[in-house]
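First up is the structure itself, then whatever we jot down about it.
Residue numbers start from 1 in every chain, and the chains themselves are labelled A, B, ... in the order their sequence lines are given, proteins ahead of strands. It should be emphasised that the depicted structure is a prediction, and the values quoted were computed from it without experimental measurement.
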Amino acid sequence: MLDLTTSVIRNLDLGHGNYLIEFGVPDSIQQMKPAQFFMIGTPGSEPLLRRPYSVCGLNGTFPDNQRGTAQVLYKVYGKGTRLLSGLGKGAELQVLGPLGNGFDLPDTGRRALLVAGGIGSAPFPLFIRHLAEAGHPAPRMIYGARSQGDLPLLSWFRDSCEEVLLTTDDGSAGEAGRVTQPLERLLEQGEGERLHLYVCGPDPMLKAVARLASRFDVPCDLALEAPMACGFGVCLGCVVPVHGDDGEVRFERVCVDGPVMPAQRMAW
Amino acid sequence: MLDLTTSVIRNLDLGHGNYLIEFGVPDSIQQMKPAQFFMIGTPGSEPLLRRPYSVCGLNGTFPDNQRGTAQVLYKVYGKGTRLLSGLGKGAELQVLGPLGNGFDLPDTGRRALLVAGGIGSAPFPLFIRHLAEAGHPAPRMIYGARSQGDLPLLSWFRDSCEEVLLTTDDGSAGEAGRVTQPLERLLEQGEGERLHLYVCGPDPMLKAVARLASRFDVPCDLALEAPMACGFGVCLGCVVPVHGDDGEVRFERVCVDGPVMPAQRMAW
Amino acid sequence: MVDLSVELGPLKLKNPVLTASGTFGYGLEFEPFFDLGSLGGIVSKGLSPRPRHGNPPQRIAETPAGMLNTIGLQNVGVDAFLSEKLPKLEHYDMAVLANVFGETEAEYVEVCKKLDGAPGLAGIELNVSCPNVECGGIAFGNDPRALASVTAACRKATGLPLLVKLSPNVTDIRETARAAEDAGADALSLVNTFVGMAIDVEARRPVLNRVSGGLSGPAIRPLAVHMTWQTYNAVKIPLMGMGGITCARDALEFILAGASAVQVGTSNFVTPTSAADLVNELRDYLEQHGFESVRELVGSLQVES
Amino acid sequence: MVDLSVELGPLKLKNPVLTASGTFGYGLEFEPFFDLGSLGGIVSKGLSPRPRHGNPPQRIAETPAGMLNTIGLQNVGVDAFLSEKLPKLEHYDMAVLANVFGETEAEYVEVCKKLDGAPGLAGIELNVSCPNVECGGIAFGNDPRALASVTAACRKATGLPLLVKLSPNVTDIRETARAAEDAGADALSLVNTFVGMAIDVEARRPVLNRVSGGLSGPAIRPLAVHMTWQTYNAVKIPLMGMGGITCARDALEFILAGASAVQVGTSNFVTPTSAADLVNELRDYLEQHGFESVRELVGSLQVES
Ligand SMILES: Cc1cc2nc3c(=O)[nH]c(=O)nc-3n(C[C@H](O)[C@H](O)[C@H](O)COP(=O)(O)OP(=O)(O)OC[C@H]3O[C@@H](n4cnc5c(N)ncnc54)[C@H](O)[C@@H]3O)c2cc1C
Ligand SMILES: Cc1cc2nc3c(=O)[nH]c(=O)nc-3n(C[C@H](O)[C@H](O)[C@H](O)COP(=O)(O)OP(=O)(O)OC[C@H]3O[C@@H](n4cnc5c(N)ncnc54)[C@H](O)[C@@H]3O)c2cc1C
Ligand SMILES: Cc1cc2nc3c(=O)[nH]c(=O)nc-3n(C[C@H](O)[C@H](O)[C@H](O)COP(=O)(O)O)c2cc1C
Ligand SMILES: Cc1cc2nc3c(=O)[nH]c(=O)nc-3n(C[C@H](O)[C@H](O)[C@H](O)COP(=O)(O)O)c2cc1C
Ligand code: FES
Ligand code: FES
């Protein structure tokens, strides 16, 4: 774990409030697993807390990125992301990482099915690269969002996945509705036996996908979000209730025990 | 008085922590008097309060500035000025002004002698232009600072004043010592009868110059500084003790009753 | 069209946005920025029987997301307020409240009597965060008995709507709130500033001439919202909430927690139009969320039990 | 070479910088960031007789220059602390203090007895900001009598240096400070968090599951410095100051106001190295200003009278 002062290399505006920011990182960071994350702070004392962002790419994840860099895909919500979006080349960043556990590859016999909700697609580029490097076939992806503009990196995902099924709440791209619709169809066709679901997106989506995974008994890993103060396990602010091995519900920290947790452990 | 959202046109680094920032202003602002000031805020919620800065230049004060702009000369001290120094072209500024009273021209028979301490030279470029426009001869200036690097716009002042007498605490430029040394010599030579002192700089300097002015009975206007929350007269935070016409000491607001006050009114 | 009007007992306001005492001068200073008539009301600088010079500088200090002040209740005095300030505010369609303080109970009563029946005055707000010189210097507002006594005395002195402005520097604000309610207050304002202090570590001196001062601004908002919620659940009279309000979202925290109206304080210094902007933002929020009246929101916080 | 060592009664520290309870885990979590031995000491997460799960999420909320938390005193329990955590800290040259809390006086005493004499433990800090279940739920620390009683009981239960950590949610902190002093505390820590609340105005619900939480961070610093100054002038025992400290300048405000040592809390979350950085900054300040010992600065604030 490093706390590094680095600087912005570029901060690409992808439209609709989505950005891809690139900054320099030392070699050790290149070992990061997909769905591991950084706590990123911008200069100045506001906001007080750093914000968590998944690693989206590293050396070679995107064709045009520079060596010794990392990329983070983010969407502007509030103070922290607004400040981030205003940074230009050379601006200073405070970056703590790698944090959290990250996605593991699927067991043999199973293929990764990525389920992303909007900006929840952030951890998948690096995961797709990891799958390729490990000799896995290109995964399929179900990518949903409110509207057409909320599907960042869509063309990159189309190039890098076997197939991308789209859903939008307003029908402006792909099927009108939720990611659970195409997912349920796939699972009803019996595909579940050969799949491992990797899910990242807003809480209601995670819950809906987890319910389907449980109904069809498919392995399912969720990349969770929680408000975080520290990101490295000390504030105890980011807990979620999970079923312990002893069957009792207890609180675990999303930042160190997650952010990836098997869906069946969740005690929502 | 306007509260305008404007943007940075350029932010020149003059070295040693001194900057000249230029931003767009509407025509009404062009009527500002020297030593009037702005309350300037930068985007984001930190620092809470805007900071006061004198108007340094307007259309035509500096040869290369654009029409419809104002310039502010500032030095980096803390949070607010540090943020300001980081802004590039196009960055948003919140600018409230014109505020305060400003310098009046000297009475006939008297010539302006400008006394500046470091960044206290900020209001003088506009004042020098006003003097010229009113047909006054180019003024003399005594310009003091801690060290050589703390004399921003020195070559501009040299070009625009009849004479610039320099003092530095460390002797790195001009006479070693304080502005009061050359000033006292001038006054002892009997020049006081033909002079009106205009003074801007740190408090101890203002006090020392005010004492000399009183000793030699020279008209002397001070551009005061005080911590300010509002800049337009409502918080009552910026008061200084002054002698009232009735002889009693009372508190007046630097932001609306000043920042320019006749030295003899001060009840320090 | 959404309905922004609210009632705090006998005090009727066209909208729930006022400006806080000591942060809005006597109102007139804001005429260059917006139409004062767009506000629900304004609260005057604290008024004493005679004019006061206030404390020597340094009077203010910035702190993280807040500021400290020791203005020391500098004011023109109640007579000048009535003769010079109030008449100029009369033509604005909004409520003018007079904030009142004293060093003794008799001074409070004296000012209230003078204000009683003044044309164009909508009500009185008692600032009880002042040291009680007859009572060892502890603030009226930090002692439920002194508070009840001064409230009851002022209640007798005026028929105007009477608000008591609570001090937050207490162990349990519900006690002082109930004391003011029982003594006849029509509504409560909360909160006044928190006592704080800043030190210049280079000079090794307090930044403020009077050592300590009152903390205001966004920093105190979570504390003030909590006190509003506590008080809402402890008294029956309506509340006027304040402490760090800068925008409609901030104001809504107080309204949801139980405030029928809000006051904008320190934010007036930073963005002179903030109170007027807030009225518009509040209207937008109500429209976007399908509320017909802001009164539906007062105290409507949903808390699982 | 400047001398950073300080003494708080029987507690000797190599430098005056500690980390605050609940913000530094059990210390081990910070081993990746710096040598724990560079600190004056650390204070453990609050320990109860048995392990506690804490409160359900959402447990934290950011506020202007601050944060609210309702962690709910989740901890491993005193036994696991003694067997699993404390031994791993023994080889660091710094003081380990155990922060202790209970819902009854008996629970406090139980934990103190278990800690008494534990190898490598430098002292005990009582967190008295917990609701007293036997006494109507009002926090021990907000009631001078309950505070005196629990302090005296713990004093009997342990020979270790005993610190009482004061709650800031009181009308006059000097009263609780004196109560703790009279009941045998060796030193006082101040302050714990202020009670606050945040509301999600879209959901119209409290942001925190438990509605209210404790406010910490730079926002509270001016309030905490003031309480330190008040307490310094009211008691004879030494003080450990905290509340919003992020750097040496912040720490110096507390030291000048009378704190012999300081604790860094929320800042550990934002900048994991802040406590270690602070030690170096403090040394620089002393050197630059020509002080030989940090003890010269304690309470050295110059106040005109
Ligand atoms: C492990 C982890 C990894 C993450 N990875 C990424 C990532 O790669 N890219 C990314 O953009 N975000 C990511 N997030 C979410 C990101 O941290 C938040 O969007 C960010 O904290 C928002 O900060 P802010 O200051 O802009 O908003 P705040 O000012 O903190 O919040 C503003 C408002 O937006 C709401 N809000 C904040 N975040 C979200 C959200 N994610 N969804 C919906 N509403 C929200 C808040 O409740 C609040 O009302 C991740 C979160 C976690 C826990
Ligand atoms: C009417 C008026 C006009 C002004 N005009 C100008 C101007 O044209 N150009 C300009 O650069 N400044 C000017 N100032 C001063 C300027 O407002 C301050 O320098 C500024 O507020 C500093 O803000 P900050 O956030 O950077 O420092 P802060 O964070 O507020 O202060 C940081 C530290 O620096 C100290 N400090 C702050 N300002 C000064 C100062 N001026 N001198 C010495 N120490 C200081 C503070 O006491 C504090 O210890 C003016 C002030 C007034 C009242
Ligand atoms: C500079 C200043 C002066 C104040 N003067 C008064 C006053 O005269 N009477 C009073 O009751 N409150 C006074 N207050 C308190 C405010 O009315 C308000 O209660 C407090 O500032 C909290 O609100 P805010 O955080 O929005 O500023 C003053 C506050 C400030 C900042
Ligand atoms: C997440 C969190 C947990 C805390 N847990 C405890 C605790 O267990 N015991 C205790 O006495 N104080 C606890 N505190 C209070 C801190 O020790 C400290 O008193 C307070 O946060 C003020 O300091 P700060 O502003 O530097 O954070 C906690 C604070 C935070 C933010
Ligand atoms: S964010 Fe602090 S423990 Fe997880
Ligand atoms: S700065 Fe507010 S009155 Fe002068």
Side-chain angles (χ1 to χ4, degrees), chain B residues 1-5 28 38-52 77-81 93-99 203-204 224-242 244 246 248-258 266-268, chain C residues 19-20 22-34 42 45-46 51-76 198 207-209 213 215-219 244 246-247 250 265-274 276-277:
Chain B
M1 197 174 2
L2 277 178
D3 187 13
L4 80 135
T5 305
S28 60
F38 302 110
M39 291 293 286
I40 302 187
T42 46
S45 52
E46 268 289 290
L48 177 64
L49 304 172
R50 300 191 195 185
R51 305 294 193 235
Y77 275 110
K79 269 189 195 178
T81 47
L93 288 180
Q94 225 28 64
V95 175
L96 179 70
L99 301 167
D203 257 26
L224 301 174
E225 285 198 6
M228 292 187 174
C230 72
F232 55 97
V234 293
C235 76
L236 307 182
C238 63
V239 298
V240 285
V242 298
D246 52 6
E248 262 192 67
V249 171
R250 59 159 176 268
F251 296 122
E252 289 196 358
R253 296 160 296 179
V254 171
C255 69
V256 292
D257 306 313
M266 303 311 296
W268 277 329
Chain C
T19 52
T23 68
F24 206 69
Y26 302 95
L28 307 165
E29 293 86 341
F30 284 78
E31 284 179 330
F33 298 114
F34 60 88
I42 68 177
K45 178 81 191 127
R52 285 172 67 120
H53 286 315
N55 290 332
Q58 184 161 339
R59 288 182 169 188
I60 55 172
E62 197 185 44
T63 65
M67 68 175 275
L68 292 165
N69 87 79
T70 52
I71 304 306
L73 301 165
Q74 176 175 346
N75 78 100
V76 297
V207 175
L208 299 177
N209 174 285
L215 184 68
S216 64
T246 68
C247 63
D250 300 345
T266 302
S267 187
N268 295 312
F269 303 153
V270 183
T271 308
T273 54
S274 32
D277 296 344

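Contacts between C:Gln58 and chain B at a heavy-atom distance below 4.5 Å involve the side chain alone, from C-beta outward. Only the side chain of C:Thr266 comes within contact range of chain B, judged by heavy atoms closer than 4.5 Å.
Taking C:Asp277 as the reference, nothing meets the salt bridge (charged side-chain N to carboxylate O under 4.0 Å, His left out) condition, with sequence neighbours excluded. By the side-chain contact (heavy atoms from CB on, under 4.5 Å) test, B:Asp203 pairs with B:Leu206, B:Lys207, sequence neighbours left out.
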Taking it one step at a time, do C:Phe33 and B:Leu96 satisfy side chain to side chain contact (heavy atoms under 4.5 Å, CB included)?
CA-CA 11 Å; C:Phe33 298 114; B:Leu96 179 70; 3.4 Å; yes

What do the steps show when you test B:Met1 against C:Glu29 for side chain to side chain contact (heavy atoms under 4.5 Å, CB included), and what is the final call?
CA-CA 11 Å; B:Met1 197 174 2; C:Glu29 293 86 341; over 6 Å; no

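Residues of residues 227-235 of chain B placed with any heavy atom under 4.5 Å of a heavy atom in chain C are listed by number as B:Pro227, B:Met228, B:Ala229, B:Cys230, B:Phe232, B:Val234, B:Cys235.
In this structure, B:Asp3 CG and C:Ser274 OG are separated by 9.5 Å, a value rounded to the nearest 0.5 Å. Rounded to the nearest 0.5 Å, atoms OG1 (C:Thr23) and CG (B:Leu236) are 10.5 Å apart. Atom CE in C:Met67 sits 6.0 Å away from atom CG in B:Leu49 (nearest 0.5 Å).
No other option in C:Val270, C:Asn69, C:Thr70 has as many heavy-atom pairs under 4.5 Å with chain B as C:Val270. In terms of non-hydrogen atom pairs under 4.5 Å with chain B, the most contact-rich of C:Phe24, C:Phe269, C:Tyr26 is C:Phe269. Options C:Gly22, C:Pro272, C:Pro32 differ in how many heavy-atom pairs under 4.5 Å they form with chain B, and the most are formed by C:Pro272.
Every pair tested for salt bridge (charged side-chain N to carboxylate O under 4.0 Å, His left out) that includes a residue from residues 65-74 of chain C fails, sequence neighbours excluded, so the list is empty.
Considering every non-hydrogen atom in both B:Phe251 and C:Pro56, the closest pair reads CZ-CA, 3.4 Å.
Tested against C:Glu62 for a salt bridge (Lys or Arg N to Asp or Glu O under 4.0 Å), the candidates B:Arg51, B:Arg50, B:Lys79 yield a single pass: B:Arg51.
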